[in-house]
Amino acid sequence: MRGFDVGDFYAALTNQFLLVGVLVTAGLTVAGLAGGLILGLAIALMRASHNGPVSRIAQGYIWFFRGTPLLIQMVMIYSGLPQLGIKFGVLTSVIVTLVLNEAAYMAEIIRGGFLAIPAGQHDAAKALGLSRTLALRKVLLPQATRIILPALGNSVNGLLKATSIASVISMEELMRRAEMIMQIKFDVLEVFAAAAVYYLVLTTLWDRAQRWLERRYDPTRTLQVAEKKSKGVPAVMPAVEQAALPR
């Protein structure tokens, strides 16, 4: 067994075919996160609904997609749905699967964020006459966002690495392209090491983005900015009262 070849590692690291795979992986992660957040929010609201059937549908969705492997879900959507007359291409199948799977986790994270908001914020929003939509957008979501950011960071890291499962249905993301290079050059360790470096780069970039978001939604900073913009309005005003201010 030959040793690790630094030259082959550098060649793999600068291989444009592999670099395209990095971009594909990043794109799949962004698509899965964006779709998962939107669908997850809807499922979280359904889960918290006082309508029994609606809440149970959301619970069933979360139970299924959190309780079955992503690999099985992807194969079912790519190979199983065509038997019912629904056929997706490889890219669409991967994105749909990632969104559906991520939404189940996002729903529970978002629901946990809502549950952590003091009950007084809900009552105060009602007392000020804010509609449910306005209260959600101006009062609850900003506070829940700050709460869920740490859990969101872990979920995104998991999603980024989970995109490698798409290689089983021939999606040419980072891992699939690394395997294709290995089949030609047989540089297993070197190519895997290069792929690992790129995964580390992507997760590090997300870590930086998460830190920026945490600073952006830091309550101390938010109140300082609000004080400057409100021209004399006390910076210690609760979020629900800030939401009621005229815009």
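Here the structure is a predicted model, which means the values were calculated and not measured.
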_Pairs flagged by ring pair (Phe, Tyr, Trp, His ring centres under 6.0 Å) wherever residues 42-94 is involved - sequence neighbours left out_ =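 Every ring pair (Phe, Tyr, Trp, His ring centres under 6.0 Å) pair that includes a residue of residues 42-94, provided the two are not neighbours, is Tyr61-Phe65.
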*What pairs meet the ring pair (Phe, Tyr, Trp, His ring centres under 6.0 Å) rule with one or both residues in residues 5-34, with sequence neighbours excluded?*
Phe4-Phe9
*Could you note down all residue pairs passing salt bridge (Lys or Arg N to Asp or Glu O under 4.0 Å) where residues 24-47 supplies at least one of them, sequence neighbours left out?*
none
*So which pairs with a foot in residues 155-164 pass salt bridge (Lys or Arg N to Asp or Glu O under 4.0 Å), sequence neighbours left out?*
none
*Which pairs count as side chain to side chain donor-acceptor pair (under 3.5 Å) when at least one residue sits in residues 89-104, sequence neighbours excluded?*
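Only Gln73-Asn101, Glu102-Ser155 qualify under side chain to side chain donor-acceptor pair (under 3.5 Å).
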*Selection residues 107-116 - residue pairs positive for side chain to side chain donor-acceptor pair (under 3.5 Å), sequence neighbours left out*: Glu108-Arg111
*Between the side chains of Glu214 and Gln210, is a donor N or O closer than 3.5 angstrom to an acceptor N or O?*
yes
Just verifying a value: how many Å separate [X] [atom1] and [Y] [atom2], rounded to the nearest 0.5 Å?
X: Leu18; Y: Met180; atom1: CG; atom2: CE; value: 11.0 Å
X: Met76; Y: Leu81; atom1: CE; atom2: CG; value: 7.5 Å
X: Asn15; Y: Asp8; atom1: CG; atom2: CG; value: 11.5 Å
X: Ile169; Y: Leu71; atom1: CD1; atom2: CG; value: 9.5 Å

*By side chain to side chain donor-acceptor pair (under 3.5 Å) - contacts of Asp207 (at least two apart)*: Arg211
Treating Ile, Leu, Val, Met, Phe, Trp and Tyr as nodes and any side-chain heavy-atom pair under 4.5 angstrom as an edge, say whether [X] and [Y] lie in one connected cluster.
X: Phe192; Y: Ile184; result: no
X: Val96; Y: Ile38; result: no
X: Ile165; Y: Tyr105; result: no
X: Val90; Y: Leu98; result: yes
X: Leu115; Y: Ile43; result: no

Taking side-chain contact (heavy atoms from CB on, under 4.5 Å) as the definition, give me every residue that meets it alongside [X], ordered by chain and number, with sequence neighbours left out.
X: Asn157; answer: Thr203, Trp206
X: Leu205; answer: Val201
X: Ala166; answer: Met74, Val94, Met171, Glu173

_Show, in sequence, the C-alpha distance, side-chain angles and deciding distance for Met106 and Leu159, and conclude whether the side chain to side chain contact (heavy atoms under 4.5 Å, CB included) test is met._
CA-CA 11 Å; Met106 286 292 109; Leu159 173 63; over 6 Å; no
If you take all heavy atoms of [X] and [Y], which pair is closest and at what distance?
X: Ala107; Y: Ala44; answer: O-CB, 3.5 Å
X: Thr14; Y: Tyr198; answer: N-OH, 4.3 Å
X: Ser49; Y: Ser55; answer: O-CB, 3.8 Å
X: Leu160; Y: Thr163; answer: O-OG1, 2.5 Å

Sequence neighbours left out, cut at 3.5 Å: what donor-acceptor pairs do the side chains of residues 23-37 make with other protein atoms?
{"from": "Thr25", "atom 1": "OG1", "to": "Gly21", "atom 2": "O", "distance (Å)": "3.1"}
{"from": "Thr25", "atom 1": "OG1", "to": "Leu174", "atom 2": "N", "distance (Å)": "3.1"}
{"from": "Thr29", "atom 1": "OG1", "to": "Thr25", "atom 2": "O", "distance (Å)": "2.8"}

*Should Ile148 and Ile110 be marked as a side chain to side chain contact (heavy atoms under 4.5 Å, CB included) after you check the CA-CA gap, both sets of side-chain angles, and the distance that decides it?*
CA-CA 7 Å; Ile148 70 175; Ile110 294 171; 4.2 Å; yes
*Apart from Met46 itself, which Ile, Leu, Val, Met, Phe, Trp or Tyr residues share its cluster (side-chain heavy atoms under 4.5 Å, direct or through members)?*
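Its cluster mates, by chain and number, are Val54, Ile57.
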*Under 3.5 Å, side chain of Ser167 to main-chain N/O of Ser164, donor-acceptor pair present?*
yes
_Looking at Ser170, is its backbone amide N or carbonyl O close enough to the side chain of Arg176 to form a donor-acceptor pair, meaning the two atoms are under 3.5 Å apart?_
no
